[in-house]
Amino acid sequence: MTDPYLYPAFLGPYGENDALLEKLLVEFLRDHVYWRRNVHPEDPPAIPTRAAQQPAFQAFEAHMRQELHALSAALKRSVPFHSPRYMGHMVSDLLLPGIAAQMLALPYNPNNVSSEAAPVTIDLEIRVGLQLARMLGFPHDPAQPYCAFGHLTSGGTLANLQALRLARALKCFPVALRGIAPPGLTLPEDDRAAYRMTPAQSIALLQDWQRWLDALDQSTRVEWQRKLDAARVEQLGEARFFARHAMLEPAPVLAPVTAHYSWSKGMKMLGLGRDQLRLLPTRGMRLDMRACAQELAALERRGSSPLLAVAVLGSTEFGTLDPVHELLALREQAAARGAGFAIHVDAAWGGYLATLFRDPTGRLRTLAEVAAEFGGFPSADSYAAFAALGEVDSVTVDPHKLGYLAYGVGAFVCRDQRSMSLLAESADYVFNDNCNDDYFARFRQLGRYIPEGSKPGAAAAAAHVTHRVMPLDHAHFGRLVRQTILASEAFVDRARRFAVEVADLAHVCIPYPPDSNLVCLALNPVGNRDLGHANRWLRALLTPLRMGRDSTVQAHAFFTSSTTLRADLLGRDELLRVLATLHIDADSLRAGDAESDRLLILRHTLMNPFLVDDENGIRYIDRYFEYLGAQLRAPGTERPAAAASCN
Ligand SMILES: *Cc1c(COP(=O)(O)O)cnc(C)c1O
């Protein structure tokens, strides 16, 4: 049942809280207008009071209204993300505190590129970084020099790009520093050792270097700083940097095949080369640690180590959680042998699940405490993955996904803020005292560290207010996330009963036991053994479940999404296992043929907090399966000839 805590948190599927939102909007719009007037109350209105009576004014207004009506009408064809009938992509209703804060901040138009353009919201952005750091288990006391740092991005894609930038900077900095050989500084013995330092060692070296610089007079210091800048990969570019360090070869990025395509984009954007992204196989859609260990060993034999190893916490297509803890263990072993590398967790989707594991004091809850609230969640591995998060080097989280905020807010959080000076666009001299004030003073010049330039302060305000109203622990924000896991557990139970109910019509299975709140469903009509036919059949079933360009919203009973299981990504064995469950012949799997080299499946994101409506006794999950059953039974449903002959 829906947790009553969530009742005031959303506008609601029916717009139930319209009066509340309206009241807030009007109140704060007026408040904004008073503020305008009070900046210099002696300034008279610049737009004449009688302007509104002029024909040109009225014509403008009429035209504007016309266009707004056209827009509003067109937007009625939007996808109804707010509805519990929507189980498609990673989006749902928006949290009320977020909408209100964003709309409140919008007319002030703060630009979070620097504090000069956003004296208020830039601090809020830095605080959001600290809120997320606490949720993840990173050090989050800005008075400590090793405190984490996080900032917002347009989305997970840019946060992942930032992870690549930082990993490269950390890996190449010691090499560049060795190259300029500052006298008296202890440096790695050769380029290879420099290139294989752990992020922690690299940060320690950076500290040494900064202390070394600090002891110099101003002009000598600037000279050395310039020398280093000139030797860095960011200055030289990959080609010239590696030409200069003949002992090295560019290190690859390791990620599971389930990784989001933003990783491919990032490799291309940074000029690292798509070939340098090594996609590792999965087992049960989770990073295959044996394959990962083999890849690491192969790199080690060549005297190298990865640029970055990526674990996905909540894969985009399947919601599966990679064993972050096992990757960390491998990293510790490799580091002990002198082959260090950075670990990034792409938790664009699953990041907010971490709220379930934190209590209001910030303590990590025990497995038993968390498990007591659910049927089967979390598995021991899922728990261990979240418990280990605080040890990784950086994390991507998308507030505009499981954070229920409007689009335009991703986040990048790195474990140790000291590393950020490597990304600074111009020399970073703020490094003496590490008091609280310095932390904020430094990052108020946000534009120097982030991939973007101008960016919306209103988005930071939305995230900050939301995290204040609903702190990122199990007793607050976690109650919303909990609802999504409970919905998924209900969905899985219902799907199992559904499989029995329709056994005469279709073979139905859940191809992977879900780790979280994303559940896939594979179907094949009874009697069919051909993969190509199963895909065509499912595509027909999917048509009414998806918005088309010309769809009428009301004509759709439910909304889902789909994905495919591909042999070339998953491995043939994994796919054959699923095909066997569905009674599809292995020899109908044909490589290279787009229709029969993969299996099309339904994908459900169970984010809506009102999927189980006790108020009206409606369980949308039950209704969805009733709908699916009716579709299977409908006379119009294409039946394979083989099925007909069986009857
Ligand atoms: C959605 C997603 C991304 C990309 O995030 P955007 O906000 O769409 O840019 C990256 N990684 C994962 C795992 C995702 O789910």
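Values below: all heavy atoms of this structure, side chains included; hydrogens, waters and symmetry mates excluded. Every number for a ligand or one of its atoms is a count from 1 in the order of the listing.
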**Asked** Looking only at N/O atoms, are S315 and ligand 1 under 3.5 Å apart anywhere?
**Response** no

**Asked** N112 and side chain to side chain donor-acceptor pair (under 3.5 Å): which partner among E125, K455, R444?
**Response** E125

**Message:** Among all protein heavy atoms in this structure, tell me which lies nearest to atom 9 (O) of ligand 1, with the distance rounded to 0.1 Å.
**Reply:** T157 OG1, 2.6 Å

**Prompt:** What atoms in ligand 1 come closer than 4.0 Å to a heavy atom of D398?
**Reply:** 5 (O), 6 (P), 7 (O)

**Request:** Find all atoms of ligand 1 within a distance of less than 4.0 Å from any non-hydrogen atom belonging to N160, and give their numbers and elements.
**Result:** 10 (C), 11 (N)

**Message:** Counting only nitrogen or oxygen atoms and a 3.5 angstrom limit, does G156 reach ligand 1?
**Reply:** yes

**Request:** Just jot down the ligand 1 atoms closer than 4.0 angstrom to any heavy atom of H400, in number order.
**Result:** 7 (O)

**Request:** Before giving the answer on ring-ring contact (aromatic ring centres under 6.0 Å, His included), spell out for H604 and F491 the whole-Å C-alpha distance, their side-chain angles and the decisive distance to 0.1 Å.
**Result:** CA-CA 9 Å; H604 309 88; F491 191 95; 4.6 Å; yes

**Message:** Side chains of N608 and D93 only: does a donor on one sit below 3.5 Å from an acceptor on the other?
**Reply:** no

**Asked** Would you call R77 and D550 a salt bridge, using N to O less than 4.0 angstrom?
**Response** no

**Message:** Could you check whether N160 and T396, counting side-chain N and O atoms only, form a donor-acceptor pair closer than 3.5 Å?
**Reply:** yes

**Request:** Provide the number and element of each atom of ligand 1 under 4.0 Å from a heavy atom of A348.
**Result:** 2 (C), 3 (C), 10 (C), 11 (N), 12 (C), 14 (C)

**Request:** May I ask you to check if ligand 1 and S262 share an N or O to N or O distance below 3.5 Å?
**Result:** no

**Message:** As an exercise, identify every atom of ligand 1 less than 4.0 angstrom from a heavy atom of D346.
**Reply:** 10 (C), 11 (N), 12 (C), 13 (C)

**Message:** Is the distance between the ring centroids of F443 and H151 under 6.0 Å?
**Reply:** no

**Prompt:** In terms of residue, atom name and distance, what is the protein heavy atom nearest to atom 4 (C) of ligand 1?
**Reply:** H260 CE1, 3.2 Å

**Asked** Parallel, tilted or perpendicular: which describes the rings of F559 and Y86, with under 30° parallel and over 60° perpendicular?
**Response** tilted

**Fill in**
protein heavy-atom neighbour closest to atom 1 (C) of ligand 1 works out as K401 NZ, 1.3 Å

**Request:** Please determine if D359 and R365 form a salt bridge, counting it only when a charged side-chain N lies under 4.0 Å from a carboxylate O.
**Result:** no

